[in-house]
Every structure is written in C-alpha cells, then in structure tokens.
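Throughout, protein chains are lettered first and strands after them, A, B, ... in sequence-line order, and every chain is numbered starting at 1.
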Protein chains: 2
Amino acid sequence: MRFEALTIKDIAKALGLSTSTVSRALRDSYEISPETKKLVLEYAEKNNYHPNPIALSLKERRSRSIGVIVCEIANSFFSQTINGIESIAYNNGYNVIISQSRESFDREIINLQYLTSRSIDGLIISVSTETRDFSFLKELHEKGMPIVFFDRIVDEIETHKVIVDNYKSAYDATVHLVKNGYQHIAAVSNAAYLSITKERLAGYRAALADNGMAVNEDLVKHCHHGGMILVEVEEAVNELLQAPEKPDAILTTSDKLTTGCFRILKSKGITVPAEMGLVGFSNSDLTELLDPPLTIIKQPAFEMGEIATNLLLQLIESKRPVKEFETRVLASELITRGSTVAKKTKTPA
Amino acid sequence: MRFEALTIKDIAKALGLSTSTVSRALRDSYEISPETKKLVLEYAEKNNYHPNPIALSLKERRSRSIGVIVCEIANSFFSQTINGIESIAYNNGYNVIISQSRESFDREIINLQYLTSRSIDGLIISVSTETRDFSFLKELHEKGMPIVFFDRIVDEIETHKVIVDNYKSAYDATVHLVKNGYQHIAAVSNAAYLSITKERLAGYRAALADNGMAVNEDLVKHCHHGGMILVEVEEAVNELLQAPEKPDAILTTSDKLTTGCFRILKSKGITVPAEMGLVGFSNSDLTELLDPPLTIIKQPAFEMGEIATNLLLQLIESKRPVKEFETRVLASELITRGSTVAKKTKTPA
DNA sequence: ATCGTTACCGGGAACGATTGCGTAAATAAA
DNA sequence: TTTATTTACGCAATCGTTCCCGGTAACGAT
C-alpha cells in the first residue's frame, strides 16, 4: 500500500491552471504573474507539496545519490568514514547508499553492478582485500562514472583519491618501536597487492633499513582476509613465534589485524609490551582502555570521508569531464601508549 | 557528465521494433513470438541492457529503497544492526539509505522529511534520545508509510517492532551483581522517557526488590545525550561517588554509557571490579580485551537488523493495509567477565 | 465467401516533472 | 489606428518504462 503524494497536476487541477504554469510558479519563473505565484505557492505550502524526486531524476538523468562500498560497516575505521561521507552528502542534498563487500571480490562486483544499475551519480569505494582485477571499475570509470577511492586505492585508475601517508605512518611507527629498544620487528599485514599493504610495508622496511636493521622477510606476514577471520591472524602470529629469529615487536597494518593480534597474544599469555611490543593502525576508541593501552596509528577517518565526498560531488557537478585528479594525502596520528613502552626505556609516570 | 545507458527505445530502433514489443519480449510475454524474443534478448544481452530503475520507480510508484535512521553509525550496536539490515535488503533488491540523527530531535525530523521526500518505500528507525514528540512519525505512519522500530521504540505508534527483552536483560544483569555480593547498585541510563530506559530500569528495580534491596533513586542517573558527551557521563559518575549511599556497582544501559563509565572510572583510578563493579549493555567486541574484561549484555544486533528488515519488506509488499502488528522480543546474552567478579566470590582461574 | 480465433505486434497514454515554443490579451510605440 | 512589444499562460515533447487498447494477418470453420 502506498500513500499518494500531491503532484503538480493536482495543484493545476485544483487551481484551474496548467501544469506548466504551476511548475513555473513553484520555480519562481519571471513569466508568471505575482498573483498566480502567490496562489500556487500558498496552495503548495498548505497542502505540503514536495516535488517527486524520482520524476526529477528521470528528467535530469541524475539520482542525487552516491554509492559507497566498503568491506564492512561494523568496523570503526569505515563507520567513521561513512559518518563523514554522510555528513557532507546530507548537506548537499545527496543520499548515501551503502553496500558491503565483506572482503569478497565477487560480492564487490555484484554490489558495483547493483549500485550502477540503480543509477547512482557517483561512487566512493575502498576495494576489498581480494580485489586484484580492476577491469570492472576501470570500465565503469571510462564510461564516465565519477569515482573517488579512499584507503585502499587503485593505482591503475586515474581519479581522485584520499589516503593517509601510509608510508610515513608505518615508518614513524616502526621508528617508534626501534627507539623503544625493540630489535626484531615483525609486520602483520593485509594481502600483498593492496595499496595500503605496499605503502605501509615500504615504510616499515625503510624505517628498519634507516636504522641499520636488516629486513627479515620471514617476519612479514600477510592475512588474505584482512583479519576478518581470526584464525588467519592466529596462524600468522604462530608462524612469527616459531620463526628462527623470533620477533619482539609487531606492527599491524589495519584495524582488525591490530585488535586481532592483541587478542591472540593475550590468549597465548604473551605479555605486551614486555615480551612483545605492539603498534598498529586502529580507529577504535577503546584501544586506549585495553590492558595495556595500545599504541596506535589513527587515521582521520571522518575527515577522509568528508574530503572524499567533497571531491566526488565536485566530479559529479562538473560541467565538463575532469582531467586533473588529485590524491589527498592526510597525516595520521601516532598515539603512543603502553603497548610499546618496553625494553630499554621506561616512560616515567 | 553522464554516461548514457542503453534504453528500450534504442533496442527498438536498432531492431526495427516498437518499444512495446521490446518491453514485452524482455519480460517474456506470451504475445511475442519466440524468434522476436530471441532477437531482443540477444541484443539486450550483448549490449548489456539494464532497465532504468528510476523510470521503473516512476511507473511503479516505488523506489525499492528503504530508509534507516539511527543516532550514529559509528557505534558498534548500530553498525551491526545496519549490517543485518543491509544483508536482507541486498538479497531482496532493495537499497539502504542511511541517515544519522546524532541524538538530535531536530536532525531526526529533518532526516525524516528528507528521506520521505526522497520517496523511500519504508523506514527502519531507532529514535534519538531527544525524541519525545512523535507527531511527525505518527502522521507519516497514518499516511501509510511502512515503519519498523527497533531498539528505541515508540509505544504510541502501532507497527512492527524489534527489541530485546530489556526488562529481563537488566533484571538478570542486576541479579548477577547481587549474586556477586554487590550491595549498592547504581544505574546510569539514557533519557528517562526512552523505551529502553523505562524497560531496563524497570528490570533493574524489580531485581533489587526481588532480592530484598531497596531502590535508591539517588543511584539512578540519566544522561540526556546518551553518553555521546563524555562530560555528562563523568558528572553522573561524580554524583554517584558523592551520594550519601555510595554505590559499589554500576549498571549501564547502553553502549556509549558502558564504555564511558569504564573510561571515567579508570581515569579516576577507581578499580574495577574491586571498588566498583560494572556491567552494561554493549556490542563492542573489544570489551573482552579491556582491563578488566567487561561483563556485558550483548544484543543480537545483526539479527535485529535482519528481522526488522524482513518485517518491513513484509509491510511494503503487502497488498492490503496490515492491521496486525507484532513486537519481536529477542533474548540478549549476559556475558560475565572480570568487571563483576568482586566482593564475596572470586572466580577460580 | 464470410466469420471467429489466435498469434503478433504497434500506437499512445500514462507516471511527475521541466521547458521550448506558440499565442492570446494587454500595453506601448509609431 | 495600426503595429510592435510585453506579459502571462497553455500545449506538447521529453525522460524510460509499462500496459491498455487497438490492429492485421493467417487459418480453420461454417
């Protein structure tokens, strides 16, 4: 069952005017007399008229809605980003339609097809951990769909992108570990081909090298489901513990991996930070309350969502095809807490 | 700029048929010859035809999208619920359009107006903590908009609702505190008029009464922003600590309040569970890793989202006005952990 | 030869809105 | 008074789709 909304036609009939006149009166056209305008406007106001957005969409060939694809909503980083996206979209009269890939490539494609068939005006996406084939996205982009990437971006596609300085973030976090006396620093990261993985591990490796420490590839682990499956993280940690050169600290490169590693270490009775230092990317506001409080790399997720949306709207509302694209690189924040105060130094209370 | 999609008209022109024939062929109508069907279908397939959903919406007077209003996406309970909503909506070919009220009544109304003007087919909502006036929702409902409430429901409006057994949940949690030797149990809750507040506090009070403990209203605090503002929680805790009868345990009635209280207690150096027991509603998966691990009441958020969506779709797709409404009451889960092992009993390792 | 059926297909009106164009009346200019 | 201009409005096309009406063949039955 549906409730019938008032249409322009109803107003026209009620007032003995044509629909064109009503339409023009509502849009305050110069060719309508003030009296008629007043009449129409008052009637519309009184009867709570709202233009049918679907009819408008059909006419204007735009839906005023943007699609968002993330791997998971219930993840602090992504939900904070969506928060930012929603706030900007909202202020500009756009809807936000959300889909989850759940880290599955197939599902990402289906979502993509679905969203585009629902005629969204633009897309904001952080690709799934499985996504190695970008042909669908590329095709979409070439057809003219405005796309903005954030977090896990796609180098092959030229468009606006929003990320943090992944290299520097990981570099600084690794240096922080080194400064705190850790000698054998491992990394637990996502799939190797992901942009964030490449950049973050590059920072990690550079930091080690710059501090005269050898990079031991045995100490770099990849979780192909990005920590969605805890067992995967457990295996990674187990392998690290059995490595010839057992690490004394771990750098994790995403939210789920950080809390996942912490969870595993705790369950194994490995003390943090004494036996194992831990620093990782995380946007959860509860890491501070953990035991020990976690040293984290926090991304400006909300702001990233805002920027991505502004860039997308710019793309959507541009009259001519945009050729100049920018990659916004934001600074992350290294919040040092208990999980990395170890070895040599002890922070004074 | 837009990319032009293939329309039924294009197919008709290319194949020398009328649009009606093409339309019918695509919908496998009996009055189209097998040959023509094959021709059309193959052409459509080859050129990747997709019916324009906006045109369909206009014709069918439905948008195949549902609106969701929650106070905040970046909240574990709500993001998990949205997860459930999205999964069911997705499987039924519906979009999910999300808005946040940020616990503000005004913003909730604006979102409501916006969503309905965008012609959603139905609405799933958990009202904001400020919402006392339901006339807008009521009017919407009377106009025929399918609505399903979850979590913070509205008694005055007769429609489907999805909640947990708030009374029992709070009752059991309180009894748990009593059993663990706590004598003076306080409650930190949301605004008094919220459904969840009333039900949960009723359970709390009943549990105290049933165990021969007096209900001291000084020990019941209300946070009118639902814990969104930490200061508010801090004030509540301060008042509790200065109460004539100082409490030795706190029951918190929502996610933000639980972690908020914990944060405040920790910052004040009040040890949990020794000086103060703590149990609260929470859906965060990190509470287990806190120090001490938190005893929580966990709601089946994902499932709640699923059920709410199924009920809504049922409402939307019903041929005649639905008169029989149900309130699904789900069981919550009391997960006992360190934050409530106190006084008398000590759990053996 | 005429009629009724069946099988196929097209015309055109919706759905709700915008907008280019035409035009009547009123006013101004010649 | 005649002509030009302005004012104020309506007609109809358009967006992409569906679906109610037709309509026209071909064919068998009378």
Side-chain angles (χ1 to χ4, degrees), chain A residues 1-41 43-44 47-65 93 116-121 144, chain B residues 1-41 43-44 47-65 93 116-121 144:
Chain A
M1 67 148 306
R2 281 265 57 72
F3 64 108
E4 307 298 333
L6 188 71
T7 76
I8 220 169
K9 219 177 277 184
D10 300 327
I11 302 181
K13 198 181 292 173
L15 264 40
L17 294 167
S18 78
T19 58
S20 7
T21 304
V22 175
S23 170
R24 271 185 270 251
L26 289 169
R27 322 202 98 241
D28 201 30
S29 163
Y30 67 95
E31 42 184 353
I32 302 297
S33 72
E35 302 85 58
T36 311
K37 269 183 198 169
K38 188 154 172 282
L39 195 70
V40 173
L41 252 39
Y43 187 91
N47 297 77
N48 197 31
Y49 167 80
H50 286 289
N52 184 322
I54 293 182
L56 282 176
S57 293
L58 184 58
K59 189 116 234 296
E60 295 174 4
R61 290 137 157 272
R62 64 201 310 241
S63 58
R64 284 203 154 263
S65 58
T116 53
S117 87
R118 299 286 299 192
S119 51
I120 50 170
D121 291 344
Chain B
M1 67 148 307
R2 282 262 56 73
F3 63 108
E4 307 298 334
L6 188 71
T7 77
I8 220 168
K9 220 177 275 183
D10 300 326
I11 302 181
K13 199 182 291 173
L15 264 40
L17 294 167
S18 76
T19 58
S20 356
T21 305
V22 175
S23 171
R24 269 184 276 251
L26 290 169
R27 324 201 99 242
D28 200 29
S29 162
Y30 68 96
E31 39 184 356
I32 302 296
S33 72
E35 302 85 57
T36 310
K37 270 184 199 169
K38 189 155 171 280
L39 195 69
V40 172
L41 252 39
Y43 187 90
N47 297 77
N48 198 29
Y49 167 79
H50 287 287
N52 183 320
I54 294 183
L56 280 176
S57 293
L58 184 59
K59 215 124 232 246
E60 295 174 3
R61 291 137 157 270
R62 63 200 310 240
S63 59
R64 283 202 156 265
S65 58
T116 52
S117 86
R118 299 284 301 191
S119 53
I120 51 170
D121 290 345

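Residue A/E35 contributes atom CD, which lies 10 Å from atom C1' of D/dA8 at whole-angstrom precision. Protein atom OH of A/Y30 is 13 Å distant from nucleotide atom P of D/dC9, rounded to whole Å. Here the C1' atom of nucleotide D/dA8 and the CG atom of A/D28 are 15 Å apart, to the nearest Å. Distance CD1 (B/I32) to C1' (D/dT24): 15 Å, rounded to an integer number of Å. Taking atom NZ of residue B/K13 and atom C1' of nucleotide C/dC9, one finds them 19 Å apart after rounding to whole Å. B/I54 has its CD1 atom 15 Å from the C1' atom of D/dT14, to the nearest Å. At whole-Å resolution of the value, CG in A/L15 and P in D/dC9 are 11 Å apart.
The nearest pair of heavy atoms linking B/L41 to B/A25 is CD1-O, 3.7 Å. A/R64 and A/D121 make their closest contact through N-OD2, 2.6 Å (heavy atoms, listed as atom of the first residue, atom of the second, distance). When every heavy atom of B/I8 is checked against every heavy atom of B/Y49, the shortest pair comes out as N-CE1, 3.8 Å.
Proximity of a side-chain donor or acceptor of B/S29 to a complementary backbone N or O of B/I32 within less than 3.5 Å is not detected. A/S33 places a side-chain N or O within donor-acceptor distance of the main-chain N or O of A/T36, the cut-off being under 3.5 Å. Here the side chain of A/N52 pairs a donor or acceptor atom with the backbone of A/I54 at under 3.5 angstrom.
Using a 4.0 Å heavy-atom cutoff across all strands shown, B/S57 reaches no nucleic acid atom at all.
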Exercise. How would nucleotides 17-23 of chain D be written as a contact map, 5' to 3', with B for base contact, S for sugar-phosphate-only contact and - for no contact, using protein heavy atoms under 4.0 Å?
Worked result: BBBB---
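Taking every side-chain heavy atom of B/S18 into account, C/dG11 is the closest of D/dG10, C/dG16, C/dG11.
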